[in-house]
Amino acid sequence: MDVTTPTSGPWLIVGLGNPGPEYAMNRHNVGFMVADLLAERIGGKFKRAGNAQAQVLEGRIGPAGPANRRVILAKPMSFMNLSGGPVNALKDFYKVPVANIVAVHDELDIDYGTLRLKLGGGDNGHNGLKSMTKAMGADYHRVRFGIGRPPGRMQVADFVLKDFSSAERKELDYFVDRAADAVECLVTEGLERAQSAYNS
């Protein structure tokens, strides 16, 4: 099977972040922001998913016809470094192939607002990805949302757990919207098409 094209079965789209209002606007929570926008587009609300320690929303993405996909949006409520457990539980419950899982997450080594889509690979020190890979292997899709490197001597942990700056917030809605578009393109048209359209 060509892993760059959508496979059969549902898709599990996971926005990575930390639960709680104090983290809501952190750079580390951009995955939650994208998931919230996708939920808004679908027209539903997240609800707690039983024992999976996650909030989920089931719906469909894409135009009517063959490209229309059943999706499960998820936000793990376990804190970032334990994301793998809830995601793996949802994968098993909904019978989602690993290749049909998309993690949306912040990425330090990419300029702010830049997107990169890929399948598989390392975690690059990202604790959410590290936990997911430990739970189910690395062969899932990633939508990497650039947040840039910390300024000066600021520690990485401090940087990712700070809110986006006022200058960054001026463009944040646009970049989150574009990331949501990229997720939809990946799910409905495949990785190669989405990379061509959104990798920059």
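Only heavy atoms go into these numbers, but all of them, side chains included; no hydrogens, no water, no symmetry mates.
No more than 12 heavy atoms of other residues, nucleotides or ligands shown are found within 6.0 angstrom of NZ on Lys162. Counting non-hydrogen atoms of neighbouring residues, nucleotides and ligands closer than 6.0 angstrom, the CD atom of Gln155 reaches no more than 12 such neighbours. Taking a 6.0 Å sphere around CZ of Phe46, one finds it holds more than 12 heavy atoms contributed by other residues, nucleotides or ligands.
The minimum heavy-atom distance linking Gly122 with Arg142 is given by the pair O-NH1, 3.0 Å. Here the closest heavy-atom approach between residue Leu16 and residue Ala103 is recorded as CD1-CB, 4.5 Å. Nearest heavy-atom pair, Gly62 versus Asn68, reported as atom, atom and distance to 0.1 Å: O-ND2, 2.9 Å. Here the closest heavy-atom approach between residue Ala54 and residue Pro86 is recorded as CB-CB, 4.3 Å. Shortest non-hydrogen contact noted between Arg149 and Phe159 is O-CZ, 3.8 Å. Looking at every heavy atom in both residues, Ile13 comes nearest to Ile61 through CD1-CD1, 3.9 Å.
Linking Ile, Leu, Val, Met, Phe, Trp and Tyr residues whenever their side-chain heavy atoms come within less than 4.5 Å leaves Val104 and Leu12 in two separate clusters. Under the 4.5 Å side-chain heavy-atom criterion for ILVMFWY residues, no single connected hydrophobic cluster contains both Leu172 and Ile110. Using a 4.5 Å cut-off between side-chain heavy atoms of Ile, Leu, Val, Met, Phe, Trp and Tyr, with links allowed through other members, Leu117 and Leu38 fall into the same hydrophobic cluster. Following chains of ILVMFWY side-chain contacts shorter than 4.5 Å, one can reach Leu186 starting from Ile42, so the two form part of one hydrophobic cluster. Linking ILVMFWY side-chain heavy atoms closer than 4.5 Å, directly or via other members, places Leu119 and Val102 in a single hydrophobic cluster.
Electrostatic pairing of Glu168 and Arg27 counts as a salt bridge here, judged by a charged N lying under 4.0 Å from a carboxylate O.
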- Task: Decide side chain to side chain contact (heavy atoms under 4.5 Å, CB included) for Leu115 and Phe145; before the verdict, give the C-alpha distance in whole Å, the side-chain angles of both, and the deciding distance to 0.1 Å.
- Result: CA-CA 5 Å; Leu115 296 178; Phe145 186 110; 4.0 Å; yes
- Item | Check against side chain to side chain contact (heavy atoms under 4.5 Å, CB included), Ser166 and Arg169 | CA-CA 5 Å; Ser166 56; Arg169 284 199 295 272; 4.0 Å; yes
- Could you please spell out the steps behind the side chain to side chain contact (heavy atoms under 4.5 Å, CB included) verdict for Lys91 and Tyr140? CA-CA 11 Å; Lys91 171 185 74 72; Tyr140 52 90; over 6 Å; no
- Message: Between Tyr94 and Glu58, does the side chain to side chain contact (heavy atoms under 4.5 Å, CB included) criterion hold? Intermediate values first, please.
- Response: CA-CA 10 Å; Tyr94 289 103; Glu58 295 182 62; 3.4 Å; yes
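Relative orientation of the Phe164 and Tyr112 rings is tilted, given thresholds of 30° and 60° on the angle between their planes.
Residues Val96 and Pro10 meet the side-chain proximity criterion, which asks for heavy atoms closer than 4.5 Å. When side chains are defined from C-beta on, Leu161 counts as touching Asn18, because their heavy atoms get closer than 4.5 Å. Using a 4.5 Å heavy-atom cutoff, the side chains of Thr114 and Arg144 are not in contact. Under the 4.5 Å side-chain criterion, counting only non-hydrogen atoms from C-beta, Pro76 is not in contact with Leu82. Side chains of Val160 and Met80 form no contact here, defined as non-hydrogen atoms less than 4.5 Å apart.
A ring-ring contact (aromatic ring centres under 6.0 Å, His included) check over residues 116-136, counting only residues at least two apart or in different chains, returns the pairs His28-His126, His105-His126.
Asp139 places no side-chain N or O within 3.5 Å of a backbone atom of Gly120 that could act as its donor or acceptor partner. Between the side chain of Arg69 and the main chain of Val187, a donor-acceptor pair closer than 3.5 Å is present.
In this structure, Leu37 CG and Met33 CE are separated by 11.5 Å, a value rounded to the nearest 0.5 Å. In this structure, NZ on Lys118 lies 11.0 Å from CG on Leu191, to the nearest 0.5 angstrom. Put simply, CD1 on Ile147 and CG on Asp106 are 4.5 Å apart, with the number rounded to the nearest 0.5 Å. Gln53 contributes atom CD, which lies 14.5 Å from atom NZ of Lys75 (distance to the nearest 0.5 angstrom).
Side-chain contact annotation: Asp109 with Asn124, donor-acceptor N/O pair under 3.5 Å present.
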In a table with atom names and distances, give each donor-acceptor pair under 3.5 Å that connects a side chain of residues 175-185 to protein atoms at least two apart or in another chain.
unit_1 : atom_1 : unit_2 : atom_2 : d
Asp177 : OD1    : Arg41  : NH2    : 2.8
Arg178 : NH2    : Tyr198 : O      : 3.4
Asp181 : OD1    : Arg41  : NH1    : 2.9
Asp181 : OD1    : Arg41  : NH2    : 2.8
Glu184 : OE1    : Arg41  : NH1    : 3.4
Glu184 : OE2    : Arg41  : NH1    : 3.3

